[in-house]
Peer 1: 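First the structure, then my questions, so here it is.
Each chain gets a letter, A, B and so on, in the order the sequences are listed, and its residues count up from 1. Hydrogens, waters and symmetry mates are skipped; everything else that's a heavy atom, side chains included, is used.
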Number of protein chains: 4
Amino acid sequence: MPKVTLLINCKDKSGIIATVTNFFHNRKGNIIYIDQYVDTEKGIFFMRLENEFSTEYDIADLRVEFDEEIAETYNMNWKLFAEERILKMAVFVSKYDHCLYDILGRFKAGELNVEIPFILSNHKDLASIARAFDIPFYHVPVTKDNKAEAEAKQLELLKKFEVDFIVLARYMQIVSDQLISEFPNNIINIHHSFLPAFAGAKPYHSAYKRGVKIIGATCHYVTAELDAGPIIEQDITRISHSHSIKDLILKGRDLEKIVFSRGIKLHIQRKTMVFNNKTIIFT
Amino acid sequence: MPKVTLLINCKDKSGIIATVTNFFHNRKGNIIYIDQYVDTEKGIFFMRLENEFSTEYDIADLRVEFDEEIAETYNMNWKLFAEERILKMAVFVSKYDHCLYDILGRFKAGELNVEIPFILSNHKDLASIARAFDIPFYHVPVTKDNKAEAEAKQLELLKKFEVDFIVLARYMQIVSDQLISEFPNNIINIHHSFLPAFAGAKPYHSAYKRGVKIIGATCHYVTAELDAGPIIEQDITRISHSHSIKDLILKGRDLEKIVFSRGIKLHIQRKTMVFNNKTIIFT
Amino acid sequence: MPKVTLLINCKDKSGIIATVTNFFHNRKGNIIYIDQYVDTEKGIFFMRLENEFSTEYDIADLRVEFDEEIAETYNMNWKLFAEERILKMAVFVSKYDHCLYDILGRFKAGELNVEIPFILSNHKDLASIARAFDIPFYHVPVTKDNKAEAEAKQLELLKKFEVDFIVLARYMQIVSDQLISEFPNNIINIHHSFLPAFAGAKPYHSAYKRGVKIIGATCHYVTAELDAGPIIEQDITRISHSHSIKDLILKGRDLEKIVFSRGIKLHIQRKTMVFNNKTIIFT
Amino acid sequence: MPKVTLLINCKDKSGIIATVTNFFHNRKGNIIYIDQYVDTEKGIFFMRLENEFSTEYDIADLRVEFDEEIAETYNMNWKLFAEERILKMAVFVSKYDHCLYDILGRFKAGELNVEIPFILSNHKDLASIARAFDIPFYHVPVTKDNKAEAEAKQLELLKKFEVDFIVLARYMQIVSDQLISEFPNNIINIHHSFLPAFAGAKPYHSAYKRGVKIIGATCHYVTAELDAGPIIEQDITRISHSHSIKDLILKGRDLEKIVFSRGIKLHIQRKTMVFNNKTIIFT
């Protein structure tokens, strides 16, 4: 049966849930999932809802109707997705291969319900992996002198392939402000530390130096401020004094893969909303 | 503002959410929390909802109306709680004091929104703790020969004090079938293993013998079958070959306290439903 | 510098550590790692020691000398490894590919210091993966009628390639007693549950049915009794009522990969000893 | 049997282990535990060793002999403890009671092998807890104007009672440099965040604001730089967007108690060494 997913947030008011559920009920819909959360401090209402229709429907019409009947009244931020629409995900990499291998392995196993139109890298090293998985690979080198040009090339590719969101699988370049503003809350990074601890470069070295007993990884949306975007998912693993920096890097690889893939899946399933530089994660 | 919490389960059908949310909307209610789950395998719908009324309401009337207008139609299992009603929790103990200390410490700190009419034990050892916390203590010894009499005494106390639910804080006697049937899904036990591993007596000894690398604790509702009731919460901690049984017991104590208190809190907040010997835990 | 690793266990007695450390000191060795453990309940002493020699040495001579000077006196079980000797690891698989992909990815990345002479399977499904990683693949089907023949073929391959140990990467056949007795504590299995809970087939289905809040994976040495061998490593992940069996299987895959690879690494680094059906894990 | 524990660190050289183990062997000692670690980056050797003597020995003589025969040669930092010597632990608190309750509960249960000569606080609020556990309580208020006087009073009490180490059970004052220099690596603090994230005041508020998915607690030795001392132990717990600051504080309390008590136990068992502002934790 055709299914839609609705995400909304707005100023909290009485009656929103009843109004929205009636909207679908009146169209012979069956709500199969509803989850809501109120940020009582800021007075904001958030909701995620999945609805199955017993008959065909037109997503464009539905959007117009929802907007006119409900969204305008409540001054909502909202998105309505048709489930059959598969997102297009671009993968940016540099030289590290473990996150790329992991994503492609999961993609091939059917875990990630996306299309991957291309892999883009500022180095050529991982081209053979792209080839092995039959995915186009674009080499867009980035140097001090060609930044503007490289960004233009990136944007051109993203538009040409109608990419919905980008995952930075250990992409070691800072993403341009323009790219960020064209893909708001649609660029996902994996940072190899437990943010906000050890932001910036070489977090495993910093963790080793500080003598922490636990290391972490953080999957977050990219914003203009480095490593400071909304956190989607984090996890940790225990270490001890006996672990060298090399050990931390090895242990961290497993962590990065898992945290990254969890974050990507939440995004694909439209289970994330961003507000006030934080995420609401529907479960 | 007066608040009610509704828990329902019934055969899954279209329109339940809209119908229920309208019920509250029509009475000037404001739904501040809704969470729902469908067991697609069995076709069962579950929902937990919190509603605030802007004016006074009568809980008895509300129950009658909900029953007639909705519950009968959908053949629901349901409960409607007024938030101002504080649950009465009896604590059963034997000789181990760590879970008792932990519960009473949390109770005193305001973490557990209950009344504790009494502590009951088959031994006198912990009477002084009850005294220190100013809670009545009843010593009901249990022997092979006085089982029926002891059970009668227990039931008498539970009725006299209008107890809502019982927590077994390492109570080392098997609870009678009659008690279980009078308090269905209202007797909470902490078992010192990761069930279903190591059910029964001396789980730390069994864990040591088997050489596991992780030990656990399980908080569950008590049913007629020993250690086989619906699981509310579990957690684990890592161990190694170098830990003796005594070490496991010590490490396990911390685990038991935390898992037990989490389970009790979920119950107090009416965030648990039982179906098919499993729990649905609303978050 | 040439390095040896010594593993010993014997009845606990005074002076073992001094005696052993002197043995290496007298040969111009430098002990760079020592870890020891006493099972006080059984009175057994365990030790792992790494020693670097500043000059060349002959491992065969060293073994004879250690045996005569020390091991006989203390009636030790002991093994002395030269670090330059790379272990040969055979991989047995059936149809699931996630553990195989993970092992081969780590192997290729240099995480696993072994040779992999071949992959063996009772099905043909994963042959292409072996080919992609350039490792010989042997298809040895197992049916009710050809068991003896299949086992003979397995043993022939294992001998021909001088295999040191076998990893069962979700190999779905029961390994023969003969194979187990020819590779004692050298067959490593990954079981997709938190043993001893849910031994046997379909543990995720059993976990779902029981309604546990945590699932696990167990890496263990294979013994004649199914899923009852010495546990090398375990880990867990949290689940909830909302996870279907399919979700458990997906979540479990990540767990299986990590727990399996940790167990294999401990074995390769000779950090495991087995005694009394339990492992001592040196760190 | 009389037992001693030895902790050493020194520049790494060949033969240290044999030399030290012989020292005890020659005195009819039996080494029952040995653990060692080499910081290969800095070239430093660390060792912890427990030895049982079959006959009486004089700890003062042993120290002189060890110093002359071994420590001077290798230019070691070392400590030799007689097991029968019970450490004296002072507890500093302010207004929060959860860590104090937890420590005293464990103390009473025999988990912490120390004497507690007194509890000191800058507030009177927790005096009744001290009284309930029969431990002297000293109220030493700290204001802008009386700092020097308050510190003098603290030092006087610590000397009078021959205190070995101090635990800051959520003591909300900054400890003076003089106190730190008189108790180097002997003041243990619990910080309610996953350091180095959220150092300083109100870490739960900062964690909430940043939108992290995990909160932590850190037990560390106090040094002159705030929240930057050697980390003994850390642990974490998962949170979500739905947790308020109050929820974080509640969840954090359990974490603080456990991490703090683990750190204190490691210190009491002399399983910690500090080097280069990091801890080596022997297991």
Peer 1: Flag the one option from V38(C), N26(C), N22(C), D35(C) with the top tally of heavy-atom pairs under 4.5 Å to chain D.
Peer 2: N22(C)

Peer 1: Has R210(D) got its NZ or CZ under 6.0 Å from the middle of the six-membered ring of Y208(D), at an angle within 45 degrees of the ring axis?
Peer 2: no

Peer 1: Non-hydrogen atoms of chain C under 4.5 Å away: do they reach the side chain of K13(D), the backbone, both or neither?
Peer 2: backbone

Peer 1: Give, as side chain, backbone, both or neither, the part of I31(D) having an atom under 4.5 angstrom from any heavy atom of chain C.
Peer 2: both

Peer 1: Consider only side-chain N and O atoms of T5(C) and E50(C), and report whether a donor and an acceptor are under 3.5 Å apart.
Peer 2: no

Peer 1: If we ignore hydrogens and angles and just use 3.5 Å, is the side chain of T279(C) paired with the main-chain N or O of I231(C) as donor and acceptor?
Peer 2: yes

Peer 1: With respect to chain D, which residue among I34(C), D12(C), V20(C) yields the maximal number of heavy-atom pairs within a distance under 4.5 Å?
Peer 2: I34(C)

Peer 1: Could you check whether N185(C) and H267(C), counting side-chain N and O atoms only, form a donor-acceptor pair closer than 3.5 Å?
Peer 2: no

